[in-house]
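Fair warning: this is a prediction, and the values are worked out from it, not measured in the lab.
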2 protein chains.
Amino acid sequence: MAKQRELRVTRQRERGTRAASGPVSAELIEREAIRLFGERTYPVVGMRDISDAVGILPGSLYVHINSKEDLLIKIVERGIRSYLDAIAPIAESEQSATIRLREAIKAHMLVLATALEQTRVSFHQWTYLSSEHKERVILMRQRYEELFSRILNDGISSGEFRDLSNPRIAVLALIGMLNSATEWYSPTGPLSPEALSEVLADNALIGLQK
Amino acid sequence: MAKQRELRVTRQRERGTRAASGPVSAELIEREAIRLFGERTYPVVGMRDISDAVGILPGSLYVHINSKEDLLIKIVERGIRSYLDAIAPIAESEQSATIRLREAIKAHMLVLATALEQTRVSFHQWTYLSSEHKERVILMRQRYEELFSRILNDGISSGEFRDLSNPRIAVLALIGMLNSATEWYSPTGPLSPEALSEVLADNALIGLQK
DNA sequence: CCTACCGATCGGTAGG
DNA sequence: CCTACCGATCGGTAGG
């Protein structure tokens, strides 16, 4: 008995990069899944990697979760929602389009900085979901795109922005620029998310030319 | 004998989305791999998917290729090299930074349009390579980044561009915007690569403001 | 290029 | 939460 317990603890140590201990929960599993999916992507992370990270055996994960895909669904939807929640009130506020765009960019970078790995999963790995869930994600992504479209269109109407020949492409390019930060943002870098968002907003609004 | 042949042909038809026939070759396998990796990503495409697409049995692939990773290496390196080859002469030319930037963006969009799936693999899936090959890719990506850095720095020196507080971030944001086209460019869309590149160049140079 | 097969690993489950 | 295990699938090979 004592020997069995010892073996088990040893195995947990071997497995466990997990800090100290604390009970295993669905939330802990999701947290480790975010980290692992963010680092190595969904299809190449095995359930055994996740169970190692939380310090239990693979089969025991299913006491807390339903399936691997269920983990992905929750991570992706929560991730996108955090962007919608942060940016919707800004896009719909009464301020000028210029100010709204600056604030939306800042909000984006703040969410990105506080949830970098979740963002990586949410914006790139939703494609691994089965079709029904993929459709729901596509709707959320459309809502997100519409927030920026609204700001741009308002800015054109009000005369703040120039008469863009193709606002749709401008929106996609802007969002693409923001999302690319998942590939180069570093929490240990010299610039804060706020400072970065000012550089990006200047680029988007003023451009490179003098 | 006749019956065996019939069975084999039938099996090939079942497998084969392959056009007409023609001999299987390393090039054909690479072409189908580009398409499949581009559509569904490297880790979730099996060798059986590739062998189905070219119309042979899985084991027979290894007459033509060495390994699955070898396919990825070739696709990724050829893909990045096509960008370096297109943009290096422009970045190193004698023209103004403004013109060079416009032409570099146009060249980028032309390569992207003519090799959309290869670009998707090259820019996003090199992360699945083993570490030694990953390092080589990182070097190529640095060269690519340096081409744009050179244009931007030249433009700042010459006074064409404003005094960017952080040129590195501006370069990464610019490249991020260009690369995002792998997610929204459609060959059947209304705008040509040239027209798109003008929209993107205007965005980068002039910005959104009036 | 096929036949026949390999060991490894995958997500997940039954029963305690 | 573990023990013990499942069928399916993976990349790849030997021998013809």
Side-chain angles (χ1 to χ4, degrees), chain A residues 1-16 18 21-30 32-33 36-37 40-74 128-130, chain B residues 1-16 18 21-30 32-33 36-37 40-74 125 128-130 133:
Chain A
M1 279 268 277
K3 194 166 186 186
Q4 255 196 14
R5 180 168 254 282
E6 232 171 58
L7 272 171
R8 209 178 300 149
V9 170
T10 305
R11 224 184 294 121
Q12 286 200 354
R13 287 241 178 78
E14 281 163 3
R15 259 184 262 135
R18 180 154 68 110
S21 57
V24 170
S25 61
E27 295 87 75
L28 176 63
I29 293 171
E30 280 170 34
E32 292 300 316
L36 290 165
F37 294 167
R40 309 211 304 265
T41 79
Y42 180 76
V44 300
V45 171
M47 296 311 281
R48 283 153 183 85
D49 296 319
I50 298 174
S51 70
D52 278 359
V54 301
I56 59 178
L57 289 176
S60 306
L61 287 172
Y62 295 89
V63 174
H64 306 284
I65 65 164
N66 292 319
S67 69
K68 191 189 181 191
E69 191 184 12
D70 213 59
L71 276 176
L72 183 59
I73 294 167
K74 282 185 174 136
Y128 297 115
L129 291 170
S130 57
Chain B
M1 279 267 280
K3 194 165 181 185
Q4 256 197 14
R5 180 167 254 282
E6 233 171 57
L7 271 172
R8 209 178 299 148
V9 170
T10 305
R11 222 185 295 121
Q12 286 201 355
R13 288 241 177 78
E14 280 165 2
R15 260 185 262 133
R18 180 154 66 110
S21 55
V24 170
S25 61
E27 296 85 74
L28 176 63
I29 294 171
E30 279 170 35
E32 293 300 317
L36 290 165
F37 293 168
R40 308 211 304 266
T41 79
Y42 179 76
V44 301
V45 171
M47 297 312 280
R48 283 152 184 86
D49 296 319
I50 298 174
S51 69
D52 278 359
V54 300
I56 58 177
L57 289 177
S60 305
L61 287 171
Y62 295 89
V63 174
H64 305 284
I65 65 164
N66 291 321
S67 68
K68 191 189 181 189
E69 190 183 13
D70 213 58
L71 277 175
L72 182 60
I73 294 167
K74 282 184 175 137
Q125 297 176 36
Y128 297 114
L129 291 170
S130 58
H133 294 107

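At distances below 3.5 Å, at least one donor-acceptor pair connects side-chain atoms of A:K68 with backbone N or O atoms of A:V45. Side-chain atoms of A:E69 come within 3.5 Å of backbone atoms of A:S130 as a donor-acceptor pair (strictly under, hydrogens ignored).
Axis angle between the ends of the helix from C:dC1-D:dG16 to C:dG16-D:dC1, five pairs each and rounded to 10 degrees, works out to 0°.
Taking the side chain of A:L57 as heavy atoms from C-beta on, and the options D:dC2, C:dC1, D:dC1, the nearest nucleotide is D:dC2.
Counting any heavy atom pair closer than 4.0 Å across all strands shown, B:V45 reaches sugar-phosphate atoms only and no base atom.
Contacts of B:V63 classified as side chain to side chain contact (heavy atoms under 4.5 Å, CB included), with partners at least two apart in sequence or in another chain: none. By the side-chain hydrogen bond (donor to acceptor under 3.5 Å, both in side chains) test, A:D49 is found to be paired with A:R40, residues two or more places apart in sequence or in another chain being considered. In this structure A:D70 satisfies the side-chain hydrogen bond (donor to acceptor under 3.5 Å, both in side chains) test together with A:K74, sequence neighbours excluded. Residues satisfying the side-chain hydrogen bond (donor to acceptor under 3.5 Å, both in side chains) criterion with B:Q125, sequence neighbours excluded, are absent altogether.
Here the closest non-hydrogen pair linking A:S67 and A:Y62 is CA-CE2, 4.1 Å.
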So which protein nitrogen or oxygen atoms get under 3.5 Å of nucleotides 12-15 of chain C's nitrogens or oxygens?
unit_1, atom_1, unit_2, atom_2, d
C:dG12, OP2, A:Y62, OH, 2.8
C:dG12, OP2, A:K68, N, 2.8

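Going from atom CG of B:D52 over to atom P of D:dG11 covers 12 Å, rounded to whole Å. When rounded to the nearest whole Å, the span between CG of B:D49 and P of D:dC10 equals 7 Å.
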Under 3.5 Å, sequence neighbours excluded: what are the donor-acceptor pairs made by side chains of residues 54-61 of chain B?
none

